[in-house]
Structure formats: C-alpha cells, structure tokens
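Scroll down for the structure; my scribbles are underneath it.
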Amino acid sequence: MLRCPVCGREYRDMKRMRCGCGEPLEFKLFKGEPYIGKNVWERFWDFWPIEPDLDLSLGEGDTPLIKSRKLGRELGLELYFKNETANPTWSFKDRGTFLGITAALKFGYKAVGTVSTGNMAASVAAYASRAGLKAKILVSESASDEKLKAVSVYGASVVRVKGDYGRLYFESLRLGERLGIYFINSDNPFRIEGYKGIAFEIAEELTPDCILIPTSSGGLFRGIAKGFIELKESGLIDELPMLVAVQAEGCSPICRAFKEGKEKIERFENPKTVAKAIANPYPPSGNALLKLLREFGWKCVAVSDGEILEAQRELSEEGLFVQPASAAGIAALKRLELPEGSKVVSILTGSGLKTLSHAETGKTAECPLESLEKCLGG
Ligand SMILES: *Cc1c(COP(=O)(O)O)cnc(C)c1O
Ligand SMILES: [Zn+2]
C-alpha cells in the first residue's frame with residue numbers, strides 16, 4: 001500500500017508514483033528485526049517493499065563508514081564519512097536503482113527511464129543493461145558531455161530535452177504511463193526504500209547524533225529519514241539522530257521555504273552552483289521534506305560554492321575524492337555549532353571522478369631520467 005506523506009491518501013496500485021494532490025507517494029512504515037546476512041538486503045530483509053532480486057545486485061550498499069583523522073579532531077567532533085562513492089556506479093543512487101529495477105521487472109516492463117543530469121542516469125543505465133531492459137535517459141540541455149559519456153557506455157538511449165527541467169519530471173511520468181516505460185526518477189517510491197540501507201548500516205556501527213545529507217530533489221533525505229524512523233518504531237534504536245538537509249546557496253529552494261515558514265516550496269530562479277548534483281530548482285520531494293523537517297525539528301543549511309570547494313579540498317586531506325555536491329555536508333558542519341564530542345556522519349554521496357573538469361590540477365614537476373635522484377631529493 002502506498003500513502004501520501006502530505007495529505008495521507010492511500011493507493012493500492014504499486015506502480016503509481018504521485019498522489020492526486022501532486023505529492024510523492026511512499027510505502028507505509030515497515031517494522032522488523034535484523035538477521036545475519038552477507039549484505040544489507042539480507043540483514044534487513046523485513047524492511048523492503050519487494051523481495052530484493054539478489055541476482056541483479058552489483059554489490060550496491062554496505063559502503064565503508066570511515067572515521068575522520070583530521071577534520072574531526074580540529075572541530076572537536078567524532079566525525080565519520082559514509083563513503084557512498086564506493087557503490088557500483090560511484091554514487092548512492094545505485095541502492096535505489098537496484099530496488100526500482102527489481103520492481104520494473106516484477107511489474108513486467110520492458111523499458112525503464114529516468115530524468116537526471118548525471119549520477120542517476122549512469123546508475124539506471126547500468127542496472128537496466130544488467131537486467132536486459134531498455135533504458136531511456138532524459139537529460140537537460142545543459143548536461144555535460146563528461147557525464148553523458150558515463151551513461152552511453154551502458155548502451156542507454158540518451159535524449160537531450162530542450163525546455164523546463166522541472167516540468168520534464170512530470171512529463172516523464174505522464175508519458176511513461178502511456179508508453180509503458182517505468183520511470184525511476186529521484187523520488188520513485190522504490191528508490192526511496194533502497195536509500196534506507198544507509199540508515200540501517202550506520203545504525204549497525206554507531207549511534208549518531210547528527211547526519212549531514214546533501215539535498216536536491218529530497219529523495220535521499222526522505223530515504224534516510226524513513227530508515228531511522230523504522231528502526232525506532234521497531235525498537236532497534238532509542239532516539240532519532242538530528243538530520244540536516246544541506247543545499248547550495250545558489251540553488252536552495254527547500255532551505256529558503258523552510259526559513260520563511262512556507263508550507264510549499266517555490267521554484268528557485270536562475271540556479272547557479274558548482275554543486276550540479278544538488279541543483280534541482282524545483283525539488284519534487286520539496287514539500288514532503290519541509291513537512292519532515294518541521295515534524296521532527298530537523299534542519300536545513302545552505303552553503304556557498306567557496307565553502308563547498310574548501311570542504312572538497314579538506315576531504316582530499318582525509319584521502320577522499322568526492323564531487324562538489326558531496327562535500328556540502330562538511331561545508332555545513334562548520335556552521336552548525338554542535339556540542340563538543342558529538343557523533344556526526346557526513347554522507348559522501350558521489351565520486352570526484354564524475355566531475356574531473358571541476359577538479360583542481362595540482363603542481364607537477366618535470367625531470368629528465370638522468371637527474372631523477374636530484375629531483376626526488378629536492
Ligand atoms: C542525487 C545526488 C544528491 C541528492 O539526492 P536527492 O535525492 O536528489 O536529494 C546528492 N549528491 C549527489 C552526488 C547526487 O548524485
Ligand atoms: Zn496527497
């Protein structure tokens with residue numbers, strides 16, 4: 001059964017994605033107990049809306065939780081990085097895509113699609129290819145060739161769409177229904193369920209006080225929130241951590257509406273940020289997320305591009321190379337003034353190799369082989 005988190009209406013059709021009121025549908029809360037198993041799907045078997053098809057798995061999830069050696073000490077915090085760049089297509093999107101594709105196969109679809117500027121496109125293309133499904137990837141006119149190359153490898157058909165990117169999301173759902181293409185967009189109900197694994201894995205290792213979540217459409221945040229809420233309802237944790245949605249100042253429709261006390265988000269005009277993966281100007285889960293933030297007393301923080309790039313550099317000092325969007329959590333950390341010793345987890349959402357054109361090129365030295373000894377010593 002699917003339910004609207006904003007108006008509460010319920011739907012039996014599991015293929016449906018949005019409520020009549022326009023908001024995204026989600027599954028009811030699942031309760032259960034953990035088991036022994038070799039991956040997160042098996043260990044949290046009671047919590048998924050569909051039986052995970054492990055033949056289809058590429059080993060998504062079960063990513064490392066890495067303790068900071070430098071930044072945490074400097075800030076007086078117990079800081080951890082949840083390294084989602086270790087997923088099969090180098091972002092957390094794989095967790096949700098895996099369940100979405102499992103559902104598409106079960107429903108009998110021959111084709112799937114997504115609306116994306118990068119990471120989700122690569123993820124859906126990879127899993128569709130593995131499942132033997134056709135993939136239709138709709139991207140905005142401005143999508144970079146660098147990102148699209150990582151999609152074409154998997155044989156997906158990529159369509160650059162001219163026109164309003166916010167409207168494209170809704171058009172894709174409408175046409176998908178007509179043409180028999182199952183769209184696994186940013187807040188598809190199965191995708192949200194897949195993201196819960198991040199909360200489950202964190203809770204297996206520690207009891208965090210605060211989780212920092214780079215936020216664009218709001219799908220990732222809703223998934224992690226639902227995961228922790230289900231753990232609490234199941235009696236597996238005592239308290240919910242404080243969740244912080246982090247946006248880029250140059251595109252922060254959710255933080256702005258939250259600050260102004262609005263119930264609905266408004267389109268963010270002329271978005272501009274280096275953090276392309278969190279630059280959705282009209283987030284489809286924006287209103288659902290506002291409701292969550294208010295209900296649980298959580299936070300929304302917007303950070304500047306300068307702070308984001310500084311955080312990206314600081315992460316490199318910990319041996320981690322993430323894309324700008326993924327460094328936003330660390331950028332927000334400095335504004336939060338958390339109590340000394342707080343246990344904080346920053347979600348590193350995607351790999352820096354996806355955005356090499358943004359990466360700074362360090363100094364390289366040239367050296368004739370004959371003088372190598374001198375060059376190495378100097
Ligand atoms: C998709 C994505 C996000 C944001 O996720 P939403 O579910 O759209 O809020 C953050 N970082 C990276 C690298 C992403 O690919
Ligand atoms: Zn509704």
Side-chain angles (χ1 to χ4, degrees), residues 2-11 16-26 82-87 89-97 100 114-124 143 147 150 165 169 184-189 191-196 198 212-226 243-248 251-255 264-265 273-289 291-292 300 308 312 315 321-332 346-355 358:
L2 289 162
R3 188 181 160 276
C4 172
V6 176
C7 79
R9 217 160 114 189
E10 295 190 339
Y11 296 85
R16 194 172 170 122
M17 296 181 214
R18 312 279 308 183
C19 179
C21 81
E23 298 301 335
L25 294 177
E26 68 184 29
K82 182 66 172 157
N83 185 13
E84 292 296 304
T85 78
N87 276 298
T89 72
W90 312 284
S91 86
F92 71 90
K93 297 289 196 306
D94 293 334
R95 296 173 181 268
T97 304
T114 197
V115 173
S116 167
T117 50
N119 289 330
M120 196 158 53
S123 181
V124 169
K147 287 248 179 89
Y165 186 73
Y169 172 101
I184 310 171
N185 287 349
S186 54
D187 58 357
N188 169 293
R191 175 175 289 291
I192 303 280
E193 293 295 312
Y195 296 164
K196 295 189 308 194
I198 297 176
L212 306 162
I213 308 170
T215 297
S216 186
S217 73
L220 174 62
F221 189 101
R222 287 179 52 219
I224 294 176
K226 192 164 186 280
L243 302 194
V244 182
V246 186
Q247 298 210 284
C251 185
S252 46
I254 298 172
C255 290
K264 302 250 178 237
I265 52 150
T273 169
V274 283
K276 298 282 181 240
I278 51 168
N280 190 327
Y282 192 60
S285 275
N287 300 334
L289 208 144
K291 190 158 179 269
L292 274 176
C300 197
I308 286 173
Q312 187 190 30
L315 282 164
F321 182 29
V322 301
Q323 56 195 95
S326 306
I330 291 301
S346 187
I347 313 294
L348 304 185
T349 48
S351 166
L353 288 174
K354 295 279 189 105
T355 52
H358 285 292

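Order of appearance sets the numbers: ligands from 1, and atoms from 1 within every ligand.
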Near the Zn ion (ligand 2), which protein N/O/S atoms are found at less than 2.8 Å?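 Protein N/O/S atoms under 2.8 Å of the Zn ion (ligand 2): C4 SG, C7 SG, C19 SG, C21 SG.
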Does this structure show an ion pair linking E26 with K226, if we count only N-O contacts that are shorter than 4.0 Å? no
Tell me whether [X] has any N or O atom under 3.5 angstrom from an N or O of ligand 1.
{"X": "N119", "answer": "yes"}
{"X": "F92", "answer": "no"}
{"X": "T215", "answer": "no"}
{"X": "S326", "answer": "no"}
{"X": "G218", "answer": "yes"}
{"X": "Y195", "answer": "no"}
{"X": "T349", "answer": "yes"}

Considering only heavy atoms, does M120 approach ligand 1 within less than 4.0 Å through its side chain, its backbone, both, or neither?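 Neither part.
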Which one holds for F221 and ligand 1: side chain close, backbone close, both close, or neither close, with close meaning a heavy atom under 4.0 Å?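 Neither part.
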Cys pair C300/C255: SG distance under 2.5 Å? yes
What are the atoms of ligand 1, with element, lying closer than 4.0 Å to any heavy atom of G219?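 Under 4.0 Å from G219, ligand 1 has these atoms: 6 (P), 7 (O), 9 (O).
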